[in-house]
Amino acid sequence: MKRRVTKAIFPVAGMGTRFLPATKSVPKEIMTLVDRPLIQYAIDEARAAGIEDFIFVTSRGKSALEDYFDHAPDLENALRKSGKTELLQTLRDTNMDSGAIAYIRQHKALGLGHAVSCASKLIGDEPFAVILPDDLVAAEKPCLQQMIEAYQDTGGCMVATLEVPHEKASSYGVLDVASQDGPLVRVKGMVEKPAAGTAPSNLAVIGRYILTPRVMQNLTKIDRGSGGEIQLTDAIAYELTEGRDVFGYRFEGQRYDCGSKAGFLQATVAFALARDDLRDELSAFLDSIHTERQAAQ
Ligand code: G1P
């Protein structure tokens, strides 16, 4: 029987420079998508997949993130007194149990692989998930849950993957494919941010991973890679050199790159249009600006 995956790492130490000046005082992960901070979507996805221990790898200037996950007794009391039970429930749904959440500081920005390795002691000898909150996946069955179900049969390491336009492949970790069987891709190599024209495929790694604890050891063995950073992709690829299994999983769902302004805006519009309370007003507005733009052309 495969071990359950109950721990997830959320690397949230990045400076979010693409969203300056907003990120001067607000961590990127707290930025609001409709009415919820970006990180809440990642947490909800992890919870739905059965994750019980949430490990945040943070950096200086991220204390707003810790505050967000704290309970808010004064606010809860006020809502209770004024009979706002629905809002009270919304608020309570964001509460994390004491002990379920841990914060670790990454003291130096040495890359995603390094950030993950900072959580090594808390992971111990268990398989674990990694979720990059910038990659938001809208799906009927949450992306990590799809992967955990597939992982029950495969074991090994698994990364979420998605076809991207060939010219965009150099922005991602890219899979070298051995074979494919439905959504499952058997991987024979992985390259982080390949130089233009050298990508082994157009299957990009998207920010959901299920990893064996060996990846933590690999992270201590590999050299610095792309961008002079310690890359998670390289530590997973190391498994292949040792003859162990790595799979890509072509998930069902729509991925938004919330690390970019355009992606964040697209996700905002899509998520708002999916909401009963916002759909009509927003789509009428979008129709009207579309018509105006057409008339102006
Ligand atoms: C990271 C990973 C990369 C992956 C990407 C997905 O890159 O290093 O392998 O394809 O996330 O979003 P970053 O976007 O942090 O440069």
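Note that the structure is a prediction, hence the values are computed from the model and not measured. Positions are given from 1 along the sequence. Every number for a ligand or one of its atoms is a count from 1 in the order of the listing.
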Ion pair Arg275/Asp35, N-O distance below 4.0 Å: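 Salt bridge: yes.
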
NZ/NE/NH1/NH2 to OD/OE distance under 4.0 Å, Glu242 and Arg214: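 No salt bridge links Glu242 with Arg214.
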
Residues that Lys193 engages under side-chain hydrogen bond (donor to acceptor under 3.5 Å, both in side chains), provided they are two or more places apart: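 So Lys193 forms no side-chain hydrogen bond (donor to acceptor under 3.5 Å, both in side chains) with any residue.
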
Sequence-distant partners of Asp67, side-chain hydrogen bond (donor to acceptor under 3.5 Å, both in side chains), two or more places apart: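 Counting only residues at least two positions away or on another chain, Asp67 forms no side-chain hydrogen bond (donor to acceptor under 3.5 Å, both in side chains).
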
Neighbour list for ligand 1 [protein residues, heavy atom under 4.0 Å]: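 Leu112, Leu132, Asp135, Tyr172, Gly173, Glu192, Lys193, Val205, Tyr209, Gln231, Thr233, Arg255.
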
Intermediate values then yes/no, salt bridge (Lys or Arg N to Asp or Glu O under 4.0 Å), Arg186 and Asp181: CA-CA 8 Å; Arg186 186 172 275 277; Asp181 178 11; over 6 Å; no

Residues clustered with Val269, ILVMFWY side-chain links under 4.5 angstrom: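 Cluster partners of Val269: Leu273, Leu282, Phe285, Leu286, Ile289.
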
